[in-house]
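Reading through the structure tokens given below for one structure.
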Amino acid sequence: MAANGGYGMAVLTALTAQNTRGVRAVHVPPVDFLGQQLDAVSDDVAVDAVKIGMLSDADVIRTVADWLDAVRPPVVVVDPVMVATSGDRLLDPDAEVALRELLVRADVATPNLAELSVLAGRAVDGWEEALDAAQELSASLGVALLVKGGHLPGDEAPDALVDATRGVRQEFPGPRIATVHTHGTGCSLSSALATRLAHGDSPADAVAAARGWLRESLRAADRLRVGGGHGPVSHFAGLWSRGGLETRPAAAEVADEWWGRIAGIRARIDELPFIRALADGTLERERFLTYLGQDALYLRDYARVLAQAARIAPTPTEQAFWAQAAHGAIAGELELHASWLDPDGDLGAATVDLAPSAATTAYLDHLRSAAFAGDYGRLVAAVLPCFWLYTDLGRRLEAGELGERARDPGHPYASWLATYADPAFAQANDQAIRHVTEAAAAAGAADRTRMFRAFELSSAHELAFFADPGPAATPRGA
């Protein structure tokens, strides 16, 4: 049920002492306890479908029938367990009569050939006779039948959906899957069918989907290596192969993990002479202008990279955000740089002859590489540190965590410090973190690793950028 998208709740009609080699003992709990189990589940939980398996005697069957009449679940599938693998009848005559009465309450019953023979009251020899017997039984009971041909001799193992009331007689062919690990196959198929019907599939679509899942699980059964006899099918083999076993983190967990993993880089940024001198106001003006000149060079191409993120973003919300960030890098941040580098407002002339430093070139090459690859997740992870590290640094400078001097309105670089502690910048940072970490949380493990690597490399480039402002920028009029 879980493998087919449902949540299964068990009511035990019989307890067995068994393993893959066989059944050693069966214990049938009192029917009043069975009734209590049924009521306990249905009193609390909305039941979308019921799958019924082994019912050991007439009293048990009637208890289940009474409950069905009272609760009237929307989907009822009965796997009529009546004949052992050895061919022995499992139910006494009274129980067989009661089971036929129960079947009229079902939407679908799923007999194998031996069970079909008992229910139809005649021998079934071969597939065509099985289909004819199913047609007669469906007509007499008013219930659809999924006839299972797994016990047929030969290389084929067909099934068929027969519903005389609706004129349905649809076969589902398929080659026999070579495995001895078929323990519980009928139970698994009927449970999958009930779940698919509860999801709203038509009977034919539900059968096709349940069979497809079961056959996939049978093909993988040998790899389970459970027990020394007839082991179970591998119910989750398909999900494991397509989805893996790693859990998917929440976006907030991604944010915490990534931020923690660059703690060393953040600590080294705090200790840089440039940052310490910026915080206490002792940073030479020429060195600050050198930094701003390199940052202006960086921002021109950073804006282009943000525009590429907007171009390939998967949702309009993300497109709008990265486009607005690209505009802000040009219209907002570069305007601040211009006020320092060129009082006349001609920033282009101030930077046109400025050579990019090795750190600037390396950082931009990394961002261009991410943009050129066309991988949205990797690209936005690469641009995130420029938001996150600057916002964090600005917040802590404003809070005085790197020295009280940074909070002084008379600080020589107060206007620049105020920009990165601005609430609007912090809000943009929060949005950037959310977009990136939501993309990472939704990605597969390999893609999430690539995203973090891009984020980590950009963080390291931020460290190098602060550590080596590069060739000096000379402000006009200086």
Side-chain angles (χ1 to χ4, degrees), residues 1-10 12 16 18-23 48-54 75 77-81 84-85 107-115 144-161 170-248 444:
M1 288 181 175
N4 283 274
Y7 179 77
M9 298 170 290
L12 303 179
T16 64
Q18 66 172 307
N19 55 28
T20 64
R21 298 181 187 276
V23 177
D48 301 302
V50 174
K51 173 274 171 106
I52 299 170
M54 177 182 175
V75 174
V77 174
V78 177
D79 181 12
V81 182
T85 304
D107 296 284
V108 186
T110 62
N112 60 29
L113 297 187
E115 291 156 351
L145 299 178
L146 175 58
V147 183
K148 299 177 294 187
H151 290 170
L152 287 171
D155 295 332
E156 294 297 311
D159 298 318
L161 178 64
Q170 183 171 344
E171 295 187 50
F172 298 85
R176 187 177 306 281
I177 296 170
T179 179
V180 300
H181 300 303
T182 57
H183 194 97
T185 309
C187 176
S188 297
L189 179 62
S190 55
S191 297
L193 177 61
T195 307
R196 296 284 184 164
L197 289 170
H199 277 298
D201 289 2
S202 69
D205 288 344
V207 170
R211 285 185 85 253
W213 162 78
L214 179 61
R215 291 177 66 81
E216 177 182 62
S217 300
L218 278 166
R219 288 192 294 270
D222 289 355
R223 297 197 295 271
L224 271 183
R225 298 185 178 89
V226 174
H230 295 280
V233 304
S234 185
H235 297 86
F236 292 98
L239 298 180
W240 292 341
S241 64
R242 288 185 290 275
L245 300 178
E246 293 192 19
T247 57
R248 176 171 288 176

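No hydrogens, no waters, no symmetry mates; every other heavy atom, side chains included, goes into these values.
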Excluding sequence neighbours, so at least two apart, what forms side chain to side chain donor-acceptor pair (under 3.5 Å) with [X]?
X: N4; answer: R196
X: S241; answer: none
X: T195; answer: none

> Which residue, Q170, E171, K148, forms the side chain to side chain contact (heavy atoms under 4.5 Å, CB included) with D159?
Replying inline: K148

I need the minimum non-hydrogen distance between [X] and [Y], along with the two atoms involved.
X: A192; Y: A210; answer: CB-CB, 3.8 Å
X: H151; Y: N112; answer: CE1-ND2, 3.5 Å
X: P111; Y: L145; answer: CD-CD2, 4.4 Å
X: G5; Y: H199; answer: O-NE2, 2.9 Å
X: V77; Y: S190; answer: CG1-O, 3.9 Å

With rounding to the nearest 0.5 angstrom, report the [atom1] to [atom2] distance, [X] to [Y].
X: L193; Y: D201; atom1: CG; atom2: CG; value: 9.5 Å
X: L146; Y: L161; atom1: CG; atom2: CG; value: 6.5 Å
X: S191; Y: I52; atom1: OG; atom2: CD1; value: 11.5 Å
X: L218; Y: W213; atom1: CG; atom2: CH2; value: 8.5 Å
X: L197; Y: D205; atom1: CG; atom2: CG; value: 10.0 Å

>> Test: side chain to side chain donor-acceptor pair (under 3.5 Å). Region: residues 173-184. Which pairs qualify, not counting sequence neighbours?
In response: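 Of all non-adjacent pairs touching residues 173-184, those that pass side chain to side chain donor-acceptor pair (under 3.5 Å) are Q18-H183, T179-D222.
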
> Does a side-chain N-to-carboxylate-O contact under 4.0 Å join R242 and E216?
Replying inline: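 A salt bridge links R242 with E216.
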
> Quick one: salt bridge (charged side-chain N to carboxylate O under 4.0 Å, His left out) partners of D107, sequence neighbours excluded?
Replying inline: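 If we apply the salt bridge (charged side-chain N to carboxylate O under 4.0 Å, His left out) test to D107, skipping adjacent residues, there are no hits.
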
> After noting the C-alpha distance and the side-chain angles of T110 and V147, does the key distance pass the side chain to side chain contact (heavy atoms under 4.5 Å, CB included) rule?
Replying inline: CA-CA 6 Å; T110 62; V147 183; over 6 Å; no

Identify each donor-acceptor pair in which a side-chain atom of residues 224-239 lies under 3.5 Å from a protein atom, sequence neighbours left out, and give them as a table.
residue, atom, partner, partner atom, Å
H230, ND1, V180, O, 2.8
H235, ND1, V233, O, 3.3
H235, NE2, S188, OG, 2.9

> With a 4.5 Å limit on heavy-atom distance, are the side chains of K51 and M1 in contact?
Replying inline: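 Touching, per the 4.5 Å side-chain cut-off.
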
>> Run the side chain to side chain contact (heavy atoms under 4.5 Å, CB included) test on V207 and R211 for me, step by step, so that the C-alpha distance in whole Å, both residues' side-chain angles and the decisive distance to 0.1 Å come before the verdict.
In response: CA-CA 6 Å; V207 170; R211 285 185 85 253; 3.9 Å; yes

